[in-house]
Amino acid sequence: ENVIVASGNRLTIYSVKRRRRKERGEECDDEEEKEDLNEDEEIVQIRLEVISEFDVNGTISDLCVLKHPKRFLMETNTTNNNTNVSSKKGTKTRYLDGLLITIRESKAVCVCWDPETRKCVSTSLHFWEDFAGNEGSSAATTSIDGTSSGLRIGNVPIIGRADPEGRCAAVLLRNEEKAKVKIMPASETSTSSNYIKESSNGSKKMTKKEGEGTVYVPATMGSSFDLDVRKILGPSAAFVRDYCFLHGYGEPVLMILYESNPPTWSGRLSLRMDTCKLVAVSIDCTKKKYTIVWTREKLPSAAYSLFPVPN
């Protein structure tokens with residue numbers, strides 16, 4: 001188990017350590033509690049231990065966990081402890097989860113923990129910046145509003161979400177006028193070619209012989225494509241508040257929370273209220289198409305967040 005904390009452009013990775021110890025009555029200050037406690041009763045102490053820290057080239061706006069699709073299938077189909085390991089011809093394949101980091105300047109990066117070097121390595125890089133002016137111009141600008149990436153201050157953060165089964169991930173780019181959703185299907189092409197063979201004395205040697213050692217396959221994302229939110233939501237596409245992937249569907253289903261156009265505020269609740277809406281969109285990552293599954297209207301105007309609940 002790990003805990004990851006983002007502060008500015010720095011990521012800190014903590015390991016959750018648990019230790020059992022026996023609780024004794026004399027350690028309690030209250031005399032009544034001493035009598036109630038059993039001297040042989042064990043309690044679990046939990047502490048966080050820093051594993052690594054590293055900097056990101058940009059301001060972090062959001063984090064989400066990328067589940068490896070094959071690891072998810074193995075967890076649902078087996079009850080073994082090592083649910084992320086498969087064996088074939090003496091070679092063990094370990095599927096690793098990843099982390100999607102969204103950057104303020106319309107960028108995203110997928111990283112994974114390398115068990116060999118004990119460092120975070122990037123598995124895929126994504127950016128959605130256009131170039132201003134005519135062809136040949138070198139002034140990089142964001143694809144949302146054309147503001148220079150060096151001067152842009154993202155007052156509306158970029159939101160990243162991942163499918164619970166690891167089939168795809170999404171990034172919401174938005175500001176006060178526009179909104180875009182980028183869908184990134186899961187990619188299986190980024191596999192490690194290095195095998196780690198552990199000898200009997202505990203030392204590790206690098207080898208590339210098939211059938212010897214362990215190969216680590218990280219979760220990563222491929223090239224993105226656009227989800228036409230303006231066609232789905234119409235003029236209300238600029239007022240997207242939150243979105244998430246739902247559990248238990250055969251295809252990735254993205255649920256979007258947005259406010260209808262024109263929006264309301266606290267001074268107009270007597271005239272216009274319950275302006276938020278929901279729409280669930282099923283995404284076919286292979287054909288790059290979508291289908292609207294269901295919609296809900298007349299939700300409270302104060303709704304601002306979505307949280308998917310597993311089955």
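We number each residue from 1, following the sequence as shown.
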Tell me whether [X] contacts the main-chain N or O of [Y] through its side chain, where contact means a donor paired with an acceptor under 3.5 Å.
| X | Y | result |
| --- | --- | --- |
| T123 | T220 | no |
| T102 | I159 | no |
| R167 | C285 | no |
| S61 | I158 | yes |
| D163 | E165 | yes |
| Y243 | L172 | yes |
| R241 | L306 | no |

From [X] atom [atom1] to [Y] atom [atom2], the distance as rounded to the nearest 0.5 Å:
| X | Y | atom1 | atom2 | value |
| --- | --- | --- | --- | --- |
| M255 | W294 | CE | CH2 | 5.0 Å |
| S223 | H126 | OG | NE2 | 7.5 Å |
| L233 | I256 | CG | CD1 | 5.0 Å |
| C112 | D97 | SG | CG | 8.0 Å |
| R230 | K180 | CZ | NZ | 10.0 Å |
| K288 | D226 | NZ | CG | 10.0 Å |

[X]-[Y] co-clustered via ILVMFWY side chain contacts under 4.5 Å:
| X | Y | result |
| --- | --- | --- |
| Y258 | I183 | yes |
| I51 | I46 | no |
| I4 | V56 | yes |
| I13 | V109 | yes |
| M273 | L299 | no |

Apply side chain to side chain contact (heavy atoms under 4.5 Å, CB included) to K182 and S106, showing your working. CA-CA 11 Å; K182 302 290 185 177; S106 300; over 6 Å; no
Option from V181, T295, V279 for which side-chain contact (heavy atoms from CB on, under 4.5 Å) with I232 holds: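 With I232 as partner, side-chain contact (heavy atoms from CB on, under 4.5 Å) holds for just one option, V279.
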Quickly, which of L99, V5, D55 forms a side-chain contact (heavy atoms from CB on, under 4.5 Å) with L11? Name it, please.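 The option that passes is L99.
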Should the heavy atoms of other residues, nucleotides or ligands under 6.0 Å from [atom1] of [X] be counted, would the total exceed 12?
| X | atom1 | result |
| --- | --- | --- |
| R272 | CZ | yes |
| Y304 | OH | no |
| E1 | CD | no |

Begin with the C-alpha distance, continue with both residues' side-chain angles, and end with the deciding distance and a verdict on side chain to side chain contact (heavy atoms under 4.5 Å, CB included) for Y290 and E251. CA-CA 10 Å; Y290 67 89; E251 289 184 339; over 6 Å; no
I want to check something: taking the side chain as every heavy atom from C-beta on, are [X] and [Y] in contact at a cut-off of under 4.5 Å?
| X | Y | result |
| --- | --- | --- |
| V281 | V293 | no |
| F245 | P164 | yes |
| L125 | F127 | no |
| C110 | M184 | no |

Salt-bridge criterion met for R161 and D242 (N-O under 4.0 Å):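 So R161 pairs with D242 through a salt bridge.
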Locate the shortest heavy-atom distance separating [X] from [Y]; write the atom from each residue and the value.
| X | Y | answer |
| --- | --- | --- |
| A237 | V229 | CB-O, 3.9 Å |
| D62 | G160 | OD2-N, 3.0 Å |
| P300 | D274 | CA-OD1, 3.6 Å |
| S187 | M221 | CB-C, 3.9 Å |
| V171 | L100 | CG2-CD2, 4.3 Å |
| A303 | C276 | O-SG, 3.9 Å |

Output, in order, the C-alpha distance, side-chain angles, deciding distance and verdict of side chain to side chain contact (heavy atoms under 4.5 Å, CB included) for T59 and N9. CA-CA 5 Å; T59 303; N9 67 330; 5.5 Å; no
Give a yes-or-no answer on whether the side chains of E259 and T275 include a donor-acceptor pair shorter than 3.5 Å.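 Indeed, the side chains of E259 and T275 share at least one donor-acceptor pair under 3.5 Å.
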Side-chain donor-acceptor pair present, W113, S52, cut-off under 3.5 Å: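 There is no such pair (donor and acceptor under 3.5 Å, judged by atom type) between the side chains of W113 and S52.
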